[in-house]
Amino acid sequence: MYAIRTRMDQVQRITELRKLLHEYNYLYYVQNAPVISDQDFDTLMHELQDLEKRHPECFDPNSPTQRVGSDLNQKSGFEQVKHKYPMLSLDNTYSEADVTEFYNRVSRDLGEPFRICCELKFDGLSISLTYRHGKLVQAVTRGDGVMGDDVTANVRTIRSIPLVLKPDSGYPDEFEIRGEVLMPWDSFNALNAKRQAEGEQLFANPRNAASGTLKQQNAQIVAERGLDAYLYYLLGTDIEGNSHIDNLLTARNWGFKISDHIKICDTLQQVLDFLDYWDQARKSLPVATDGVVLKVDSLSQQQELGFKSRSPRWAIAYKFHAERAVTRLNSVSYQVGRTGAVTPVANLDPVLLAGTVVKRATLNNADFIQAFDLYIGDMVYIEKGGEIIPKICGVDYDSRSFMIGDKVTFITTCPECGAKLVRIPGESVTYCSNTNNCPSQLKGRIEHFIQRKAMDIEGLGTETIDLLFSKGLVRTYFDLYKLKVQDLCYLEGLGDKSARIIVHSIEDSKQVPFDRVLFAMGIRFVGQTTAKSLARKFGSLHNLASASFEELKNTPDIGERIAQSIIDFFSENPGIEDAVSALGLNTQMSVNVAENGAQLNMSLDGMSIVISGVFSHHSRDEYKDIIEAHGGKNSSSISSKTTFVLAGENMGPAKREKAAQLGVPVKSEDEFLEMIK
């Protein structure tokens with residue numbers, strides 16, 4: 001079935017495949033950084049399974065074929081829990097012929113009529129939820145199928161997962177329901193836009209984003225990221241129904257989110273028609289799907305068919321092919337971000353893919369390039385799938401000729417400044433070492449500094465910063481505060497009015513609160529949320545700069561990597577504390593909400609508040625900061641758990657109506673300010 005190179009016997013190939021698949025499993029489940037597509041992984045797994053069948057003398061209980069891939073994180077801090085019922089994986093295929101074989105095998109084994117339940121396969125993180133007396137008591141990831149991480153606190157933030165079931169709806173006293181936690185496209189795009197603005201590495205697809213989010217130690221971050229969930233299987237000794245789909249529809253009545261796109265099929269042709277339809281229709285869904293799961297509907301027939309060592313005999317997953325195109329690799333260029341991270345990009349012959357013309361594709365990092373053994377002039381396969389930008393997913397090695405160009409090797413010096421590149425042990429990213437003099441890093445930091453969620457300086461953009469940099473007017477963000485109207489008004493594309501707006505906005509930025517100043521400073525790995533945590537913990541820039549590694553590491557949501565990055569930042573930038581203070585920027589919390597001696601009125605402690613409308617005394621963002629500073633929590637939508645709505649002018653009628661239906665109080669701007677005094 002698989003061609004083995006003549007100089008490599010099959011036993012050697014087994015060893016090679018096991019090593020490869022173990023590494024890919026680790027990158028996928030633990031690092032959340034896959035380097036090959038699901039289809040390529042499955043192809044290698046099927047090859048290994050076939051070879052192991054031919055060579056039973058090579059059996060190894062630790063082979064990748066003998067276990068389910070693990071997403072356990074031994075250092076995550078989550079308690080690991082044993083599943084009451086093992087969470088096995090499904091056999092999967094990309095072939096309708098395999099689906100036909102599955103259908104015919106089930107027919108032979110049962111020898112009686114049966115129905116197949118077809119469900120969309122959502123691309124997220126498998127979860128098992130346990131309910132007792134109608135209340136959610138535990139949520140556990142799949143893990144290795146036997147043990148999983150207890151992520152109950154995080155799952156409680158997912159609004160589509162009920163904490164309490166509908167009363168008198170007939171649910172059993174105790175049961176387990178399984179499903180998929182996922183990130184809708186809207187949430188995914190918003191999250192990556194935010195990470196890009198903060199100079200953080202982007203998530204490759206919604207699946208990785210969902211997985212990374214659910215493993216966060218801070219449930220508030222999980223709540224902010226807009227996760228969703230679909231449930232798809234009921235387990236328990238008191239489940240009365242014998243039909244899988246009937247059980248799902250019953251669970252929907254209990255309050256669970258069940259997909260509307262489920263179909264019962266009585267014939268193989270109906271199954272194949274379902275696959276063909278959703279191969280195209282899935283592209284219009286609000287969430288990522290990567291296939292269809294086929295299950296025998298009758299639970300008694302499922303029991304009769306039974307299980308193999310790692311998967312049920314009564315189910316199979318058909319996975320859609322990601323749309324691919326083939327084109328020529330013309331060159332590789334490198335981009336340098338504000339943190340010094342160097343990203344390789346493939347420049348391609350233009351090709352039509354998924355409705356758009358593609359000229360460039362990501363090459364991720366040095367490991368990615370090495371894995372593909374790329375040469376300039378190679379014909380490469382590219383796909384979008386769930387990616388933000390297209391990526392290279394394969395090489396047509398057979399099309400290589402003696403005219404092939406140079407081998408692609410990752411650069412060793414920065415393309416912008418010529419400095420030596422470095423790679424931190426344990427990380428996949430390569431950095432420019434010229435932190436304080438690389439033009440791309442310097443301009444990138446200024447662009448980060450002026451953004452709305454940082455210093456919010458109006459009138460400056462990428463082109464204007466390039467102009468100021470080329471004219472020698474700015475080199476660091478400190479130089480912005482030296483600019484005068486006469487420096488700007490004669491520059492190309494500006495004028496007196498634009499110059500005055502910029503200078504005025506720079507002066508206004510001195511009122512920005514300390515946590516946003518800290519975020520604006522551009523410390524590697526310190527995003528907006530982390531900056532708030534640090535500002536509240538330490539209270540001032542001086543305290544933060546003086547903090548030890550242990551003090552930083554013991555701060556909520558601050559791990560070793562962020563702690564070391566903060567230590568390195570202040571070590572590499574001596575005097576930055578005095579420089580920031582000399583500009584007149586806020587270097588401490590305006591009201592002391594630091595842990596050491598909080599004096600702030602915490603009158604909103606534990607309250608969930610929704611903001612709606614237009615305000616006169618403060619902006620919406622300022623009110624959000626005020627709510628958090630007084631112990632409250634900002635929420636985007638009204639629910640029974642909302643304490644009150646802070647309403648300005650032109651409050652949305654839908655929100656007003658929902659507040660009235662749920663009996664949620666609505667407070668005016670003046671009432672709110674009086675409340676917190």
Given the rule in the side chain to side chain donor-acceptor pair (under 3.5 Å) test, do Asp91 and Ser311 qualify, once you have shown the distances and angles that lead to the verdict? CA-CA 6 Å; Asp91 285 340; Ser311 60; 3.2 Å; yes

Counting C-beta onward and ignoring hydrogens, is there a side-chain heavy-atom pair between Tyr131 and Pro162 closer than 4.5 Å? yes

Whether the side chain of Thr643 engages the backbone of Met607 through a donor-acceptor N/O pair (distance < 3.5 Å, no angle test) should be reported. no

Do Leu110 and Glu304 come within less than 4.5 Å of each other through their side chains, counting heavy atoms only? yes

Neighbour count >12 (heavy atoms, 6.0 Å) for atom NZ, Lys359: no

Note, Ile116 side chain near Asp297 side chain (heavy atom, < 4.5 Å): no

Derivation of the side chain to side chain contact (heavy atoms under 4.5 Å, CB included) call for Lys308 and Leu88: CA-CA 10 Å; Lys308 294 184 286 186; Leu88 302 179; over 6 Å; no

Of all pairs that satisfy salt bridge (charged side-chain N to carboxylate O under 4.0 Å, His left out), the ones with a partner from residues 93-107, not counting sequence neighbours: Arg105-Asp109

Might you confirm whether atom OH of Tyr85 has over 12 heavy atoms from other residues, nucleotides or ligands at distances under 6.0 Å? yes

Could you tell me whether the side chain of Glu176 reaches within less than 4.5 Å of the side chain of Ser128, counting heavy atoms only? yes

As an exercise, state the distance from CD1 of Ile392 to CD1 of Ile382, rounded to the nearest 0.5 Å. 8.0 Å

Any residue meeting side chain to side chain donor-acceptor pair (under 3.5 Å) with Asn247, in chain and number order, not counting sequence neighbours: none

Please verify the inter-ring angle class for Tyr103 with Phe114; under 30° counts as parallel, over 60° as perpendicular, anything in between as tilted. tilted

Using 4.0 Å as the upper bound for N to carboxylate O, is an ion pair formed by Asp228 and Lys257? yes

Would you kindly say whether Ser298 and Ser300 are connected by a side-chain donor-acceptor distance under 3.5 Å? yes

Under 30°, 30 to 60°, or over 60°: which ring-plane class applies to Trp314 and Tyr233, parallel, tilted or perpendicular? parallel

Between Asp367 and Ser428, is there a side-chain donor-acceptor contact under 3.5 Å, judged purely by atom types and distance? no

With sequence neighbours excluded, tell me which residues meet side chain to side chain donor-acceptor pair (under 3.5 Å) with Asn92. none

Over 60° means perpendicular and under 30° means parallel, so tell me whether Trp254 and Tyr171 are parallel, tilted or perpendicular. perpendicular

Is any side-chain heavy atom of Glu224 less than 4.5 Å from a side-chain heavy atom of Thr213? no

Any side-chain heavy-atom pair of Lys391 and Glu383 under 4.5 Å: yes

Is it true that, when you exclude Asp168 itself, more than 12 heavy atoms of the residues, nucleotides or ligands shown sit nearer than 6.0 Å to its CG? no

Taking the side chain as every heavy atom from C-beta outward, state whether Val151 and Val140 have any pair of such atoms under 4.5 Å apart. no

Please state whether the rings of Phe274 and Trp278 are parallel, tilted or perpendicular, taking 30° and 60° as the class boundaries. tilted

Taking CD in Glu240 as the centre, count heavy atoms belonging to other residues, nucleotides or ligands within less than 6.0 Å. Is the count above 12? no

Please say whether more than 12 non-hydrogen atoms of neighbouring residues, nucleotides or ligands are located less than 6.0 Å from CD in Gln270. yes

